[in-house]
Novice: 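Could you have a look at this structure, given as structure tokens, before my questions?
Here is the naming used below: chain letters follow the sequence lines, and residue numbers restart at 1 for every chain.
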Amino acid sequence: MAMNALLDGLNPEQRAAVTTTDGPLLVIAGAGSGKTRVIVHRMAYLLDQGLARPEQILAVTFTNKAALEMKTRVHQLLPPSRRYGELLVATFHSFCVRVLRRHLDRFGGSYTRDFTIYDTDDQGRLIKACLKELQIDEKQFPPRMIQYAISRAKNQGETPETMAPASDPKRDAIIKTFRLYETRLAAANALDFDDLLLLTVRLLRRFPDVADAYQDRFRYILIDEYQDTNPPQFNLVRLLTQRHQNLCVVGDPDQSIYRFRAADIRNILEFERHYPRAKTIVLAQNYRSTKVILQAANAVIRHNRARREKQLTTQNAIGEPIRGLIAPTAEAEADLVVEALLQWQRQRSHLPEAETRAAILYRTNAQSRLFEEACRRRGVPYVLVGGFSFYQRAEIKDALAYLRLLLNPHDDAAFERIINVPARGIGKATLEIITARAARDGLSRWTAMEQVLAEGALNPRAATALAGFAGLIRDLQARLEGAPLAALVSAVVNRSGYLEMLAQEGTLEAESRRQNLEELVTAATEADERGASLREFLDQAALVSDTDDLVDNARVTLMTIHSAKGLEFPLVFVVGLEEGLFPHARVVDDAEELEEERRLFYVAITRARHQLYLTQAQRRRVYGEERITDPSRFLEEVPEQIVQFDGALPSSGGITRSPLSYGASYGAPAGPSAAKPSVEPARSQPATGTAEGFRLGDRVEHATYGAGQVVRVADGKLDIAFPGKGIKRFVAAAAPLTRLPRR
DNA sequence: CCTGACCGGATTTTT
DNA sequence: TCCGGTCAGG
């Protein structure tokens, strides 16, 4: 009976994916094919059929938010009598934290179950400290580059030892920093994001009894977004499924967009090789989008060579044509988008609100500002996802750093963060002494501080300040036992003088930061109500993701395309479709990266249910300088018969007037071109300056680089953009360039 | 030790 | 443009 309800409304493929429960199963799920639904129903089915008890199922999702939603939906599917026990639905990282909080001390050494989690920020601080200690020049080897290289190496299973010996200086710098970084992490009893996965894998490998217990327990394992798993995640899955082999992975190779995070698309492409008994089911029926949108998506993704062909089909309506908007400037683009959005929502105001939700999707977070401003100008309420989420704000991280230090005084990242915040007279010189001592004796900052204090070698002023800080932390530590979290957080922000500091600033911004801290106290109160410990509170804060604070009923959502993965909206704007921005300039000369970028575009398109807008700004400020843009190559990959352009198409030069085409009122830039109505194609924009006869927008020919376009004229210098080769700067008077006829 | 002025370099995406 | 780092002066 219950089973019928569970399988009702599923198509044959989906049904098979739900009920094929013996052995490995690969579900290739196209965009909008009801993937989440399949996972939810599969879990409910396993429980309902008595194939597993709740604690025997592990489901892994990409975000905490997805996990929560999935859990809720499973319970909704089940009759009340079946709703027992705890279903484990988690992200890889939160699952690993669970395991490590139980077993990490098995390793012995400095690692204990009380470890601290270092986020990207903490990691960056530590890398910088290491560079300094090693006297490696930050200019020559940017900390971010080193950080990225180390993370990459770790995810590929490398250690400083396997990487040595180094041949070139860069690699040498990386390896040296890597080695010191790992030492310092261990000394601080800290784990970075990568460690969470790596150490869990190592733990299961090293201690068969632990592995045994988990392998035995998880009879059924489900992994969502499997195309985005990286090597440690793959290894973890392998380890966990050794016994029962009831692994179900769901994903879409065409939506693999996390290569930079070491995700390996081969994990899904070669699943059948990794699990020879595997069955494969393809969900190619799309329930989300109109035929037009799907046609665009199929056409775009077919340009990728490295893929397994899969055509999505839908029985949905043909739908409205895709709309293309070309705006003269990025500001105008934002205005046009918001205008179009309002008009669309107005036309559908008779529909339920859920049917009028819209998303503005961009490639980079930096683009969000323009759209926020445009929304504010029109009084449109919006929700911004990502960028600076609550737990990333400086004041929140400061408060959390205090809390971290209470639990683990050897947490160097936290120590450094707050030792002089608010300012308490502990300056660079004092800090240097502590740092030097810590480095010399391999101590944590905290222990080094205690030693330095005990020796009485500091000048009196510094000593007093330092002792005051140490006293403050010990005082707060004394309140740890038994006190509610909310009271503890309050004590931290009060006793540390943090609130007073904000009060004295008296600015609007300080006031908003004070309110954020108040909100943190509220969050702590809620954690108290859940019965959470400080440890759990901090873990959760470290592992929240951008999309976790997503608001489901927001009528307008702004976010990066990466954040939009797994979501859908009736109306979607994909903005900034310009060469160098999307696809991003950093990828255009790497074929594989470019294909990933195209998959990103594919993800963006397939978020749309009813209406899709693709937009471009003809000019955009980059580093505070106006640049002329080329339309994204991806735009040309969308079949032109299904796109309706408003405004001028650069390639055709034609002008289609419509209610949405822009007029002189939009973003007229300052300077000579200001008065000119901007309805002309980019190629004939008036120049904003001249040098040796070249004008902004001119097409030119260079002997080695080929054809290019003038994107900047200033100081007697010319910037020329060469497609695929980047922007080169020339001295205008001596530039070996010939002008090409205008198109 | 702290503040403010100045300069130079940077923007990809995130658990 | 904006942010972070450096340096001089209080």
Novice: Let me know the distance between CD of A:Q233 and C1' of B:dT14, rounded to the nearest Å.
Specialist: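 Checked: the CD to C1' distance equals 12 Å.
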
Novice: Between A:T560 and B:dT14, does any side-chain N or O lie under 4.0 Å from OP1 or OP2?
Specialist: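 For A:T560, the contact criterion (side-chain N or O under 4.0 Å from OP1 or OP2 of B:dT14) is met.
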
Novice: For the residue pair A:Y382 and A:E372, confirm or rule out a side-chain donor-acceptor distance under 3.5 Å.
Specialist: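 Present: a donor and an acceptor within the cut-off.
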
Novice: Would one find a side-chain N or O of A:R363 under 4.0 angstrom from OP1 or OP2 of B:dT12?
Specialist: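 Looking at the OP1 and OP2 atoms of B:dT12, neither is under 4.0 Å from any side-chain N or O of A:R363.
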
Novice: How many angstroms lie between atom SG of A:C96 and atom CD of A:Q233, to the nearest 0.5 angstrom?
Specialist: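 So the gap between those two atoms works out to 8.0 Å.
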
Novice: What is the separation between atom NE2 on A:H562 and atom P on B:dT15, rounded to the nearest whole Å?
Specialist: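 Checked: the NE2 to P distance equals 11 Å.
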
Novice: For the pair made of CG in A:D122 and C1' in B:dT15, what is the distance, rounded to whole Å?
Specialist: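 Distance check: A:D122 CG to B:dT15 C1' gives 14 Å.
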
Novice: Side chain of A:T91 only, heavy atoms from C-beta on: which candidate in B:dT12, C:dT1, B:dT15 is closest?
Specialist: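 Side chain of A:T91 sits closest to B:dT15.
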
Novice: Less than 5.5 Å between centroids and less than 30° between ring planes, does A:F260 satisfy that with B:dT14?
Specialist: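 Stacking between A:F260 and B:dT14: absent.
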
Novice: Within the structure shown, what part of the strands sits under 4.0 Å from A:R144 by heavy-atom distance: base, sugar-phosphate, or nothing?
Specialist: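 Sugar-phosphate, backbone atoms only, no base.
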
Novice: Between A:D539 and A:R101, does any NZ, NE, NH1 or NH2 come within less than 4.0 Å of an OD or OE carboxylate oxygen?
Specialist: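 Salt bridge flag = yes for A:D539 with A:R101.
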
Novice: Can you tell me how far the OG1 atom of A:T200 sits from the NE2 atom of A:H93, to the nearest 0.5 Å?
Specialist: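 Rounded to the nearest 0.5 Å, the OG1-NE2 separation comes to 9.5 Å.
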
Novice: Could you state the atom-to-atom distance from CD of A:E331 to P of C:dT1 in whole Å?
Specialist: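 The answer, rounded to whole Å, is 11 Å.
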
Novice: Distance check: side-chain N/O of A:T430 vs OP1/OP2 of B:dC1, anything under 4.0 Å?
Specialist: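 For B:dC1, OP1/OP2 do have a side-chain N/O of A:T430 under 4.0 Å.
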
Novice: Rounded to whole Å, how long is the line connecting atom OH of A:Y148 with atom C1' of B:dT15?
Specialist: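 One finds 14 Å between C1' of B:dT15 and OH of A:Y148, rounded.
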
Novice: When you measure from the side chain of A:E138 to the backbone N and O of A:P143, does any donor-acceptor pair fall under 3.5 Å?
Specialist: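 No; zero donor-acceptor contacts below 3.5 Å.
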
Novice: Does B:dC2 have OP1 or OP2 sitting under 4.0 Å from an N or O in the side chain of A:K428?
Specialist: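 Negative; the distance criterion is not met.
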
Novice: Go nucleotide by nucleotide along DNA chain B from the 5' end; which of A:A462 and A:F92 gets its closest nucleotide reached first?
Specialist: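 Checking each residue's closest nucleotide, the 5'-ward one belongs to A:A462.
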
Novice: When you check the phosphate oxygens OP1 and OP2 of B:dT12, does a side-chain N or O of A:N365 lie under 4.0 Å from one of them?
Specialist: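 No, outside the criterion.
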
Novice: Using only side-chain N and O atoms of A:N420, determine if any of them is under 4.0 Å from OP1 or OP2 of B:dC2.
Specialist: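 Answer yes for this pair, as a side-chain N or O of A:N420 is under 4.0 Å from OP1 or OP2.
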
Novice: Look at the side chain of A:H93 against the base of B:dT15 and say whether a donor-acceptor pair falls under 3.5 Å; ignore hydrogens and angles.
Specialist: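 Answer is yes: a donor-acceptor pair is held.
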
Novice: Rounded to whole Å, please give me the gap between CG in A:N64 and C1' in B:dT15.
Specialist: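 The answer, rounded to whole Å, is 9 Å.
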
Novice: Just how far, in rounded Å, is P of B:dT13 from CD of A:Q392?
Specialist: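 After rounding, the reported distance stands at 12 Å.
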
Novice: Map A:A429 and A:V587 onto DNA chain B by nearest heavy atom, then report which one ends up closer to the 5' terminus.
Specialist: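 Closest to the 5' end, via its nearest nucleotide, is A:A429.
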
Novice: Give the rounded distance in Å between these two atoms: CD of A:E138 and P of C:dC3.
Specialist: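 Atom CD in A:E138 sits about 19 Å away from atom P in C:dC3.
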
